Amino acid sequence: MTLITCAVLILLLGAVLLTYAHFFGPAGTDTTTTQFVVSPDEAPSDVAGRLKDQGLVKSALAFRIAYVLSVTTQRPGGYELSPSMDALT
């Protein structure tokens, strides 16, 4: 590989990591957990919006993307969450 190719790859990797941190990283540094309840009939987009409104995720859209990529089904119930968790945790 040439020096230019290596530099481009490093820049691309850096861009990917910064994008992840910006959209999927923790919403804050507070480690205090709060109870978050998901009802059986609640749409994933509504859950994402409530998580954003409560400051538990940086981006509702990023949470929805993480949800789609996780290949799991939404499970109703109570969750202990904090702003220091990221969207993929």
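If you read the sequence from its start, that first residue is 1, and numbering goes on from there. Note that these values count all heavy atoms, side chains included, but never hydrogens, waters or copies made by symmetry. Every value quoted in this text rests on a predicted model; they were computed, and no experiment measured them.
- At most 12 non-hydrogen atoms from other residues, nucleotides or ligands lie less than 6.0 angstrom from CD1 of Ile4.
- A heavy-atom distance below 4.5 Å is not found between the side chains of Leu56 and Phe63.
- Nearest heavy-atom pair across Glu80 and Met85 is O-CE, 3.6 Å.
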Can you list the steps and then say if Leu61 with Phe23 is a side chain to side chain contact (heavy atoms under 4.5 Å, CB included)? CA-CA 9 Å; Leu61 176 61; Phe23 290 105; over 6 Å; no
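- Residues forming a side chain to side chain contact (heavy atoms under 4.5 Å, CB included) with Ser45 (at least two apart in sequence, or on another chain): Ala43, Arg64.
- Nearest heavy-atom pair across Pro83 and Thr32 is CD-O, 3.9 Å.
- In the hydrophobic cluster analysis, where Ile, Leu, Val, Met, Phe, Trp and Tyr join through side-chain heavy atoms closer than 4.5 angstrom, Leu18 is grouped apart from Leu13.
- Of all non-hydrogen atoms in Pro76 and Ser39, the two that sit nearest each other are CB-C, 3.9 Å.
- Follow the hydrophobic side-chain contacts under 4.5 Å out from Leu51 and you reach Tyr79 in the same cluster.
- Side-chain atoms of Val16 and Leu12, non-hydrogen and from C-beta on, never get closer than 4.5 Å to each other.
- Shown here for Gly55 and Ala27, the closest heavy-atom pair between the two residues is O-CB, 3.4 Å.
- Applying the salt bridge (Lys or Arg N to Asp or Glu O under 4.0 Å) rule to pairs touching residues 44-53 yields Glu42-Arg50, sequence neighbours excluded.
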